[in-house]
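Residue numbers begin at 1 in each chain, while the letters A, B, ... track the order of the sequences.
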Amino acid sequence: MESILFLACVEADGSLAKAAREALSAAKNLAAGLGGAPLVVGLIGAEVQSAANALAACGAARFLGVAGAEFAPSRYTTDTAAATALAKAAGATIVVAPASSRTNRCLAGAAQRLGGRVDSHATSIAAAADGKISLTRWYYRQRMEGVLTRTARPWVVLLESGCAPAYAGVPGTTTVEAVAVELPALRTTVTGVRAPASDAQTIRPDAKLLFVAGAGWTKKQADGQVHATEAEQLILGFLASAKASLGSTKSLVDLSGEGQAVLKFMSHLNQVGQTGSTPRHPKGLATCCHGEEPHTVGWRFINERRAINLNAACSWAQGKADVLYVADAFDVMRKVNALLSSG
Amino acid sequence: MTQDSVSESPVVDRQSMAVDIVCVGFGPATAGFLTALSKKLVNPDGTPIAESAAMPGMPPQVIAYERADDVGFGVSGVVTPARSIKAAFPGLDPAQIPMAAPVKTEKVAYLLDPVGASRRSLALRTADGVLKLFKGKHHAIELPWIPPFLAKHDGLVLSMGQFMQWVGGQVMGSGTVQVWPSMPVAGALVEDNKVVGIRLVDQGVEKNGAATGAFMPGMDIRAALTVIGDGPVGAVGQQLDRELGLPKDHHVHDWAVGMKFVIDLPESCTLEPGTVLHTFGYPEPEIFGFLYVHPGRIASLGIFVPSWFDSPVRTAYRYLQHWMLHPWIWRHIEGGTLRSWGAKTLQESGRRGEPHLVGDGFARIGEGSGSTNVLTGSGVDEAWATGTLLAEAVTELLKQGKPFTRENLESTYVARRRASWVDAEGRVAERARDGFQRGVVTGLIGMGLAGLTGGRLRAPGKPMPPHKRLPTIEAFYRGRISAEEIAKIRAECLAKGTPLHLALMDRAGWPAIPLDGKLLVSHQDALLMGGKVQAPGGYADHVVFPFPAICATCDQRTCVEVCSGQAIAHGPDGVPVFDREKCIHCGACLWNCARERPDGSGRTVLEFRAGSGGLHSAEN
Amino acid sequence: MPSVFHIVVCGSIVPDPLQTLEPITTPTGPALKNELMLPAVLDPWAWHALFEAANLAKNNPGSKVWLVALGPKAKLQQVMMSVAQKAPFELVVIDGPASGFTESAEVASELAAAITSIAGLDKTKLLLFGGWESASRGAGTTLPMVGERLGITDQFQGVDQISVQPDGSFEVLERIEGGKHQVSTCAGAPALLGWATGNLPEPPNNPQVGMANMRTLMPALQKAKPAKVTNTGLAYASVALPKQRRETRIVKDMPADEIAQEIVAWIRAD
Ligand SMILES: Cc1cc2nc3c(=O)[nH]c(=O)nc-3n(C[C@H](O)[C@H](O)[C@H](O)COP(=O)(O)OP(=O)(O)OC[C@H]3O[C@@H](n4cnc5c(N)ncnc54)[C@H](O)[C@@H]3O)c2cc1C
Ligand SMILES: Cc1cc2nc3c(=O)[nH]c(=O)nc-3n(C[C@H](O)[C@H](O)[C@H](O)COP(=O)(O)OP(=O)(O)OC[C@H]3O[C@@H](n4cnc5c(N)ncnc54)[C@H](O)[C@@H]3O)c2cc1C
Ligand code: SF4
Ligand code: SF4
């Protein structure tokens, strides 16, 4: 019989992040799929009671917690020790945790201490009718999807965000069993958080829409002129009214290094694609970009895709977009912005 | 610091390193050289045959620098008799080399024009009409026999990339020689008429060559012998030809660009591994095509667009797609998928383009030394053989402790070349060359079809440099597209910064290519999906336009039209602009420039230097 | 007083980024079609780790860099000819698959064993470097497990910067959510740093560095021990390319006004 531990680190304000509540749904679902395998909640943080209370109705058999000032910061030494202790206390065969920079750092080490195995960046974990548990994750930079099963236990799973509905049960009160952790002398101190100089405000991971700008915005247009200033206005105007996140092609961000007309707010952090990021958004609108393969790899997790390009033979036409508008993006976006701002 | 021919800039803090033998380029020629040499550098008892002069106490230090980012990024056909390769690897089992297969069947076909857009002479049209009557299946006439000079029946079908990776592994594994990729050689160091080594390109520079914070001046590699195997358009070969001139009556006027795809054949394809198909006659009478089948349902296929096809808009990419769509080819490949793409120049003057093979401190091997045999369509075997001959000569000199002077290299290497089959067959090809110039059919196929077309495909003529042959666009399309219309197309294309060839070919009746995103893809997609073209930062542009005023008055802009990578575009003030990130180093722009520089050197105004980056496909 | 570090960089090879990849099933599990034919590069984040290691070693005289790679020997040999021109290091090779489908725990065990047997390695000076995640498995799980096996409990992932203090302690910047960095200080070696891109530009190719590395490169390749990577207890039900082709509706000749209306309606729809 499997025994499942849902493991999460509590936020500084004592709450649980959305990704954590999603992982809890996945863990519950897995427990149910295994014919009602016991589910234990394990929490790590400065204070874990309020988070546990929020999950009171989740159906967990036990609530375990590792709490204290040492466990407030995201730190390998303390987190790994805590996660290991919780998994042991829970007698877990499967540990489901939300992926975050904090859990990603500590849980592989914890799996090693537990003598188990770990899978990170999972996009699903579920049990089939025969009780066999399979896990899905991507390989080679999101280029192929693998489905795997394991016999080794404990099996530690880090689930990506956006892959399960967030748990939304009514809060209540629960008793958290404190789990003791023996810590070595701490050699690492977390001193703070630093935001990069270039502001990344155009990147909004939770936006419904990803707007991708291509190099075409800075190219000569039909009148033989470059219209970089208008391009900036159109793009920023759209981002503001549609609350979209901004992505860019490699060509466009590379241009900035070459003294060409550039969009000032673009940085390499915006680059989407095989050597850029692979953002997840329900919708994506590509403008003035060509839809070539290494770039479109970055669109893998955009569900609905539309593109505006002057060229009917551009690569979006070849089965990569749902709709390709053969049109001047300047014209269209001018009108789109007008419509959006008029309500 | 040395006084040399490659430094134009003031003296900088340039490092220098000494080795015994330095090689430029790692193509089949250098591979042949290093394969043979690595086996000869040690005696059977494990002791070196000579002591290194550069590093006393060590065996001779032999290094090759290759421009491309890896050893498998070259481009070729390849079907080869592989005589010299088999001699270098006795008992060679082709199954050891990915994509290699013994040649099984060979066919040569004359392709008729199924779309009616090809620029065929009246004579050829008449002949085509006759041919169609009795044997026009799939719009092609298969020759009943393979001309003996074309036959490769004991040979191999290879992938240049896979073969070179394999050979690279063998020679480096020997531990006696080193091959360093991603290291372009800027030029030879020449002192007192002696080549004393090479200089590598500068790194950490802007596109225009200006130093950045990460500047690292190209290092000087000094060596007793410099082996130049940098192929048809290599910067070092070009430099020596400029500085030493060519032997009397020799010239390098004939070129071609070969462009190819490697594809996964469709399930329905019945062609067996080792199948070799050659075509001529379509999409233009001057364009040759090839299709070679590798194991695993993979084929290499492509075309050659020669410099004697006098079109100023001779773009290979669009022609390659029309060739693929020819029914005789398409029936085999329809439903296939593009795996790889590439293009490269061939030096087609062969033996007649042979430069000074040796001098004090240097020897030339491979295609840049005039080894390629245009008559037999073979360059790999020949290039490899010249490398082997040089290895024998070098071993002899090393053993005897003799220096690499012109005389010593003449009596060892050149003597061996003169006595070789490469030279003998090269002379046959050299003689055949003029007939070849006179007509596609006469020259290549001899008897069979020649009778049918009267050999009138092309007027006889002495080989001229390409820029002297190039007609204007208006002249080329006379009678088909009016000058006014060309002016209109030119104005439209210039405004958009695009080449003219697509618009002109459309207008000349070539049907649109039905792009499918899989096999028939846009040129840009071929670069990325097929060629995987990339260019590391920190290197200078290697295609430069040092005479902007002349470019501004050039109305052919052949450089823009032919560019295999769409890396040259119309720029401001009529001077083309170059985009290093798209260049595949095919070298076609070098010989396709339409204007000569005013200094009487006979050189054109486009400069093609040593540069980094390019194709990242190891299957071509 | 500069500190002396013994920096071990774990890194193997991955297919050159633009290659077309296709999974196949073999008797031993999934693999890439024509894997050994594809050109390969050093795993990009490990590549950055190597530059950082070389830089750190240069600034802290007496320090030394090893590159420990588990990968197919022949392919490693080829890739090393590019890598070895960039930075001085001593190579340690374990001959085995570099596939993304191998079990990270088993790979970690092989790497840890290889590191333990490096002669002259002082574990109290050890900085274990590597890529944060590979471009093949993309998991970020191998390095922490190597660290655990070597008893390193100060670990950092997604590192973009290390600043060493005169007393040998250092400050580390790790990538966290929202495009920010978490700042930590660590008392000093031993520690583990899984690198992201860092701040260093790619060093130029230096022929002298290449020549120097060459002395240990070929012997290391010849000495390479075969790896035991069997994926025990791991089974793949499937590995597949995503369905790439969509039915693209191509809208031509529609006035910009109408396109805009369509787009706005689409954006607003749920
Ligand atoms: C190793 C490697 C990795 C790469 N990784 C990435 C990556 O991660 N991400 C990435 O994006 N790219 C990547 N690329 C590059 C990528 O393949 C393309 O080169 C790039 O995406 C092209 O960018 P683009 O479409 O903006 O520019 P272009 O190809 O220049 O296309 C501009 C487009 O704008 C259109 N256009 C111009 N004006 C208008 C107008 N008024 N209205 C509508 N359309 C207009 C044109 O028709 C054209 O299609 C990579 C390349 C390499 C070699
Ligand atoms: C499309 C095509 C099809 C062909 N088909 C066939 C065929 O079927 N059979 C056949 O036998 N032959 C064929 N050939 C010809 C054959 O490929 C060449 O003759 C042969 O490759 C010549 O070998 P090489 O070593 O002399 O030169 P190359 O193969 O040209 O090698 C030269 C090397 O030097 C490098 N280099 C150049 N400049 C520098 C520099 N400055 N610094 C460092 N490195 C440099 C280049 O990158 C290259 O790797 C074909 C050629 C093409 C283009
Ligand atoms: S480089 Fe040559 S072909 Fe190109 S524009 Fe200048 S003169 Fe004309
Ligand atoms: S610019 Fe590059 S790709 Fe274009 S023709 Fe010249 S060498 Fe070939």
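- In terms of heavy-atom pairs under 4.5 angstrom with chain C, the leader among A:Val336, A:Thr77, A:Thr80, A:Asp322 is A:Asp322.
- In this structure, chain A has a heavy atom under 4.5 Å from the side chain of C:Pro44, while its backbone stays farther away.
- For C:Ser99, the parts lying under 4.5 angstrom from a heavy atom of chain A are both the backbone and the side chain.
- Heavy-atom distances place no part of A:Thr136 under 4.5 Å from chain C, backbone and side chain included.
- C:Pro30 does not touch chain A: none of its heavy atoms, backbone or side chain, sits under 4.5 Å away.
- For C:Trp132, no part lies near chain A; criterion is any non-hydrogen pair under 4.5 Å.
- Only the side chain of C:Leu32 comes within contact range of chain A, with at least one heavy atom under 4.5 Å from a heavy atom of that chain.
- Of the atoms belonging to C:Glu247, it is backbone heavy atoms, and not side-chain ones, that fall under 4.5 Å from chain A.
- Only the side chain of A:Arg117 comes within contact range of chain C, with heavy atoms under 4.5 Å apart.
- In this structure, C:Arg175 does not pair ionically with C:Glu133, as no charged nitrogen and carboxylate oxygen lie closer than 4.0 Å.
- Heavy atoms of C:Gln261 lying under 4.5 Å from chain A belong to its backbone as well as its side chain.
- For the set A:Ala81, A:Cys106, A:Pro205, A:Gly284, the entry with the most heavy-atom pairs within less than 4.5 Å of chain C is A:Gly284.
- Panel note: side chain C:Gln165, backbone C:Asp167; no donor-acceptor pair is recorded below 3.5 Å.
- In this structure, chain C has heavy atoms under 4.5 Å from both the backbone and the side chain of A:Leu339.
- Heavy-atom pairs under 4.5 Å with chain A were tallied for C:Thr141, C:Leu143, C:Val183; the largest tally goes to C:Val183.
- Both the backbone and the side chain of C:Glu262 come within less than 4.5 Å of a heavy atom in chain A.
- A cation-pi contact, defined as under 6.0 Å to the ring centre and within 45° of the axis, is absent between A:Lys320 and A:Trp299.
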